[in-house]
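Counting starts at 1 for both ligands and their atoms, following the listed order. What you are looking at is a predicted structure, and each value in this text was computed from that prediction instead of being measured. Start at 1 with the first residue, then count along the sequence.
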Amino acid sequence: MKKPDKESKIESILELIETPSYVCEEELLKQNLQTLAYVKQKSGAKILLALKGFAMWSTFGLVREYLDGACASGLWEAKLAKEELGKEVHTYSPAFKEDEIEQIASLSDHIVFNSFGQLKRYKTIVKEVNPNISIGIRINPEFSAAPAQLYNPCAPFSRLGVTLKEFKKEEFDSIIDGLHFHALCEESADSLEKVLKAVEEKFAPYIKRCKWVNFGGGHHITKEGYDIEKLISIILEFSKKYGVEVYLEPGEAVGWETGPLVASVIDIIENGMKIAILDVSAEAHMPDVLAMPYRPRIKGAAAPHKKRYTYRLGGNSCLAGDIIGDYSFDQPLNIGDKIVLEDMIHYTFVKNTTFNGLRLPSLALLKSDGTLKVVRKFGYEDYKNRLS
Ligand SMILES: *Cc1c(COP(=O)(O)O)cnc(C)c1O
């Protein structure tokens, strides 16, 4: 399958956008969902949306047409999945709390425990509340090619998943239907192949006894150059070899390149170079820019000094390190100019904060018919209500 060329239509409505605003382009989201649906159809795998990475629920009517449900990391994500997406709800948490477990069990089709301790503690109650629930355990294959330690669930002393050494054979009883691993981050089908090899080497005898294996997230399926056919053949081979159903739960791949964060220049100052201050913040509105760290692409801009006018772009928080990066432009920037920060739909508004009393960017949808719909605006009350 050749992935469609993604074409942003943001330019056509740029004037209408009040900044700051995350603008999800429905047509681009649909293209990602179609790519994922193709993987499902050819491989037989089921694909869930990981709410951790993308939870713009006003789009879930569309998501529901293509994917099998959502994976949640706890009670609130499970509730949102049930209320807004429907279909299957799979819940995994590093540790479930006693006062939430019954509600989580009643909302979930699959529940994945992070330890045998939690499994033992909760398996009876979970089955009592929801006799149809399918129980799994997360394993740690102790192999990952994750690009940064912050995103490596298989780093030394990781709390995520059970290692083979800690795997309690005697407790791997008939109540366990599946195994779950999550070891990838923005990775290729080649990386999956390597992780699967580690998974099989360590856990093959248990896989054989499972109904399903969940390959977690981190599959960069919708990225240009991802080898989709290889993914499909890996899934087909694995499910045939072990007689199991395969699940994938991507977050990033769903929201990947589906729209920008649009900002405005609010001041331009000098301190050894020109510095433009925007009405968005790296710290508050696109935290992975500082955490990963990475340099976002900006429409019409290039590396510093590639084009005639170079600026450092900074956020409007008081954090000294709230810097987006240095960029060059063909024309000088002016106060009021719009800056289009590309690919800001996944892992942005799910993580943003009102740090420093900054306004949260609006959430908007550029609909397939070309109209702009602002689905949520945030105000002072949103800031005040989470403080006291
Ligand atoms: C983060 C996470 C995902 C989604 O990962 P992406 O990189 O967004 O695809 C899926 N499953 C689990 C358990 C996760 O922690």
One line per pair, note the atom names and distance for all nitrogen or oxygen contacts under 3.5 Å between ligand 1 and the protein.
unit_1   : atom_1 : unit_2 : atom_2 : d
ligand 1 : 7 (O)  : Gly218 : N      : 3.3
ligand 1 : 8 (O)  : Gly251 : N      : 3.3
ligand 1 : 8 (O)  : Glu252 : N      : 2.8
ligand 1 : 8 (O)  : Tyr347 : OH     : 2.5
ligand 1 : 9 (O)  : Gly218 : N      : 2.7
ligand 1 : 9 (O)  : Gly251 : N      : 2.9
ligand 1 : 11 (N) : Glu249 : OE2    : 2.8
ligand 1 : 15 (O) : Lys52  : NZ     : 2.7

- Task: Identify whether NZ of Lys or CZ of Arg in Arg138 sits under 6.0 Å from the centre of the six-membered ring of Tyr92 and within 45° of that ring's axis.
- Result: yes
- Using only heavy-atom distances, determine whether the side chains of Ser281 and Asp322 contain a donor-acceptor pair under 3.5 Å. yes
- Query: Do Leu49 and Glu249 touch side chain to side chain, with heavy atoms closer than 4.5 Å?
  - Reply: no
- Query: For Leu387, what are the other residues in its hydrophobic cluster, where any two members join if their side-chain heavy atoms are less than 4.5 angstrom apart?
  - Reply: Tyr380, Tyr383
- Query: Who are the side chain to side chain donor-acceptor pair (under 3.5 Å) partners of Asp190, not counting sequence neighbours?
  - Reply: Lys230
- Query: Which residues pass the salt bridge (charged side-chain N to carboxylate O under 4.0 Å, His left out) test with Glu26, sequence neighbours left out?
  - Reply: Lys367
